[in-house]
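Order of the sequence lines sets the chain letters (A, B, ...), proteins ahead of strands, with each chain counted from 1.
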Amino acid sequence: MLLIRRFEEGMLRLHGRGILPCHFHVSIGQEATAVAVCGAAEEHDVLFTNHRSNGHLIARGADPGWMFAEQLGRVGGNTNGKGGTLHMIAPELGMPWTTSLVGCSVPMAVGAALIHKQQRRPGVVIAFFGDGVMEEGAFYEGINLAALWHVPLVCVCENNGVPTELRKLDTTQPSTFLARRLADIPSAFGIPCATIDGADVEGLFDLMTEVVGTVRRDLAPYFVEVRTTRYPGNRALWPELAGAETDLAWAWDEGEPPEQLAAWSRDSDPLMGFVRRLLAQGAVSRDDVTRIDAAIAARIDEAMESAIRSPQPPPDSAYGDVWAAREGSS
Amino acid sequence: MLLIRRFEEGMLRLHGRGILPCHFHVSIGQEATAVAVCGAAEEHDVLFTNHRSNGHLIARGADPGWMFAEQLGRVGGNTNGKGGTLHMIAPELGMPWTTSLVGCSVPMAVGAALIHKQQRRPGVVIAFFGDGVMEEGAFYEGINLAALWHVPLVCVCENNGVPTELRKLDTTQPSTFLARRLADIPSAFGIPCATIDGADVEGLFDLMTEVVGTVRRDLAPYFVEVRTTRYPGNRALWPELAGAETDLAWAWDEGEPPEQLAAWSRDSDPLMGFVRRLLAQGAVSRDDVTRIDAAIAARIDEAMESAIRSPQPPPDSAYGDVWAAREGSS
Amino acid sequence: MKMSYLKGLALAIDEAMAAEPRVILMGSRMGGHLTAQENEAFAGVLDRYAERIFMNVPIAEFGLAGAAVGASLAGGRPLLSFNIGSFMLHGFPPIVNEAPNVHYTTGGRCSAPVTYYALGGIRGGGSSQHSHRLQAMLGNVPGLQILAPATAGDAYGLLKWCLLESRNPTVFFAHTDLLLSEDEADGASPLLPVGSARISRAGHDITLIAHSVTVPRALAAADALAADHGVSAEVIDLRTLAPLDAATVVDSVRKTGHAVVVDECHKSFGVNAEIAATLAEAALSHLKAPIGRVATADVPIPYNLSLEREISVTPDKIVQGALSTLEGRASC
Amino acid sequence: MKMSYLKGLALAIDEAMAAEPRVILMGSRMGGHLTAQENEAFAGVLDRYAERIFMNVPIAEFGLAGAAVGASLAGGRPLLSFNIGSFMLHGFPPIVNEAPNVHYTTGGRCSAPVTYYALGGIRGGGSSQHSHRLQAMLGNVPGLQILAPATAGDAYGLLKWCLLESRNPTVFFAHTDLLLSEDEADGASPLLPVGSARISRAGHDITLIAHSVTVPRALAAADALAADHGVSAEVIDLRTLAPLDAATVVDSVRKTGHAVVVDECHKSFGVNAEIAATLAEAALSHLKAPIGRVATADVPIPYNLSLEREISVTPDKIVQGALSTLEGRASC
Ligand SMILES: Cc1ncc(C[n+]2csc(CCOP(=O)(O)OP(=O)(O)O)c2C)c(N)n1
Ligand SMILES: Cc1ncc(C[n+]2csc(CCOP(=O)(O)OP(=O)(O)O)c2C)c(N)n1
Ligand SMILES: [Mg+2]
Ligand SMILES: [Mg+2]
């Protein structure tokens, strides 16, 4: 979680330096979901992420070095400058394609899961998507197909706009989406569902281990709604740093989060909550925390600087990669 | 109901004569739905029908004469040969446009209902559609919008493949659609739902009167699932006459329906059931029935023959009607 | 009065909503990432007609596109904004296969006066999925008006015409790179019926045929051609792609004898193809050289900005294309 | 061996499924309303590979099109049939904005070898909503192969190539009016890589450039031109529209000096426009007359069969178009 947090704070710094090519997204406050799901996943599993992908990738083991280069569109990223922030991929980690079209990933994940089942491959398919996906018709067509074909698919719906006080419940006030309880919908299609507080990383890990295990065993779909509370820096169209970068020392009351961050940091940040619980359990010391954080910060700084030094792809590479060579020829 | 039945039997005869231009649909066995819904509707209401439109149109008051001409693509139809069987319209009856794309009518009906509400027009919007529509994503986007905008929309879902023994229940065995209880879905969006046996015309009429009244009063959507059992002539890709045209004398056991029709006629045909009940109640006599039927048959025969005599539209009319003249100019 | 393209859109909407209570506004914002500028341009408008504004909507492009058709059938005059044009693909069933069929298929009895608005085009980092230019695709749909004006004044005039006068479905393409461009225009300009091109710059050696964002680029190229090469280029702004004002294009090329079509669509099957084909059919004997086609390369849009620029239409490439054509060579 | 187009499709699928366990078949039937003939052509195939056949599916074109992309990403080689081409519009987001972007956007690291099949075209009474020809629209999508073969042998060879060899997404258009047409072909024909046109009939006065259902019509017109007018027409069957075999077209027109493009798409922005533009760019100096464009009129498709015929491409209209071009007049 900490690596993800520091990576995304690094993204906000890059944005501050004005060198990101365009609009981007951070998943601050959703790190526990990524960590728990990827922790429960196995090597052969295939994962579909979305426009908010940093957490999923890092939790799956992606290296911040190429990820920064990819975000910047540089050589050293995973696509030689072609994909970028909306299409962060890692085929080597079972993440072959990332769509940024809201909703499309669900049917694609269903199709991938169909192949896994039909070819009797090891590995299930996991699709991360936002609550907004349930406003798109593609979601419904997808889950109906998943239920029809009975495919090994874990749907992880990241409902990231839940008010703090409702996070442990399973309903919210309708906004542009009128279903009060998201899980009612997959349930209607006969798909088992679970709902969980996304600030509770231990609970998430237990649940996801069970869910992924069940899907692996039963070769049938499962739907999980993970409820998180929006990071205050994620309220406008462009993400921004809400007050300050996370200071883990807030966990032992050294200094205080800036006002705009205080309530969120206290009640809704899965990272700070986890650190506080680890400290309280005596599982780590303040020194451990500070040391680990420093190491991660150094790793992020180095990854970022090396990405910035990475060259632009050669102009005429723009004309390549349109057509894939025929089977067997490459 | 009888006029609809005889019209559609006429369609099967036209097909037998090989003069229908293409594939077409009949709603034999679904007449009660059309009659009940249109009976409950008022003049200012707007209705959206679908590819299976004969019943809806006739129940709304459309004349079989132009309908046959339209089915044949002739002058005298409602579109001068442009629309035809998949696009039966009657603007003068509040049926301005008929789509044959499964699912599209739901969002269109929602938009029409939005205008009715926003312009404070009298009249609600009624959308007829098949159970297959719930397999299309457009349905979900549509009902979410209907719930969001709180529009006066009656969704009439004609579930026309329900086995006889399940017709009075509210669940079915999943086929390509995995939700066992259709009403669960609109319910999840907060839309009130009702489920009814489509062979029970009296029950349907009571229910639809209440539903349409509620929608008119509350200016909010309602969903009704009408469950009918497939007419045996509707099992293949092209509709065919199952055994024989309906003989109302079967109601008083004069002769017997052909074997392939017998069970359906006895248990699932809303028309025969209604005639039998009327006779049992003494509301009509056998003579009344025979007389009415003869009059309707004559009307249908005449309408059909006059449509057949109707000319083809002139070839160069094919180039007109692409662009509508500007506002106020026509 | 100097006015930005965004302001031209806002003014058209404001005036149309004031004049015609049947006009409603649905969908997403219209200015892409230019939130502040959009807010300024639209200041007051959204409040003034609050009960006819449905801009807090779910992510449901198909549903909204269909609802807009339905609204138009029931007597509304809806404007639906998709914001980013690529998302319009989700709405193709209603946009392509409902609205444009209504008038014809009902034998002229009904019509669907709905206006779809989107920011088309390559926008800087939009990568493959957010950079579409769909005007050529939609051009193959009879019954659909397609507008892609290049100036604030035309944007104002055409949008207002759609909202008040047109009884046909229309797709209106703006472009991120045009939204802040300014030109002389004011609310008193006449309505602008679709179907007429504009000669943006007169010339006699060669005709550059452009639309939307390629108009300012063609004008820049024309400046460079004049300054550096002594070539007098005529620049045509098509403004509306369907119906297409073929006569203006053909007349110009009859005069200059040379044509380069400048188009932000991919080259193959782009708008440029239709224009070139029109000329090859109607002005062949006047052509002194092959028709040049300067368009976006036939590759998905890359993320990296220098790659993106590499495959895009630039004034430089237009100049090169024009010079090739004038030398009698094909331009690519 | 004489073989029908339908049988060519069935044989390609049969052999591809036998040779390659990654091939799966999804979606709706492939023969439109020709149920009996389809059953005969496919006899045994659906049973033989039952566990790789997913043909009992919901009405969910978007979901299926997306699932097919996902299946191809995960190592399957899916063939998804839409039956009627118009329904493909529902699947445009995955077909246009997912599959063709995968290879490029991943920097060549992944690809989406999915084949979409549909019956394109005007089919007799399909009216405005069921008669689409989407090949021109899809032509503006880089990274998408578009095939529209005209003969049983080519249908067999190209489909088999897609299923076994291609690593790119492909849209394959058949046509109701071709399904029962027969020609010499057999299962031993070589695979047919995309991107090569065929000269279906050699000639020296004029080139008729056709694809799909317009090929037999152009051949009929060529017969009539020879018999009634002493004109020797060369007929080119494009077979694949993307990638397009421009060289074969250009070479032929360089030879004949006259070209008529014959296209079942609507004329404006149709396939015919791209071909005409290609010639105007690459063969202008060889053209002795304006390029003729014989295509479906720019109107939605009407229901009535005589109206439908009125706006359709017929051998007669091709003959007229060729004669106009030979007289140096534009054909419309
Ligand atoms: C089909 C489509 N429509 C609209 C968008 C624009 N868009 C990008 S992210 C986003 C919000 C998505 O919300 P959600 O799924 O909840 O994900 P979150 O951003 O909250 O993680 C929207 C509307 C898009 N990318 N794709
Ligand atoms: C978008 C779309 N996909 C497929 C079809 C082909 N089609 C026509 S009717 C039909 C079945 C519709 O079933 P249902 O909605 O239950 O209506 P019913 O025919 O049973 O009355 C299908 C698949 C279509 N018309 N539109
Ligand atoms: Mg969200
Ligand atoms: Mg049905």
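Proximity to chain A is limited to the backbone of B:S175, based on heavy atoms less than 4.5 angstrom apart.
With rounding to the nearest 0.5 angstrom, the CD1 atom of A:I143 is 9.5 Å from the CG atom of B:L178.
B:E141 and A:E135 make their closest contact through CG-O, 3.6 Å (heavy atoms, listed as atom of the first residue, atom of the second, distance). Across every non-hydrogen atom of A:L148 and B:T176, the tightest pair is CD1-CA, 4.1 Å.
Top candidate by heavy-atom pairs under 4.5 Å with chain B, chosen from A:Y140, A:F139, A:F177, is A:Y140.
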Criterion side chain to side chain contact (heavy atoms under 4.5 Å, CB included) on A:I185 and B:F189, from CA distance to verdict: CA-CA 9 Å; A:I185 288 166; B:F189 288 83; 3.8 Å; yes

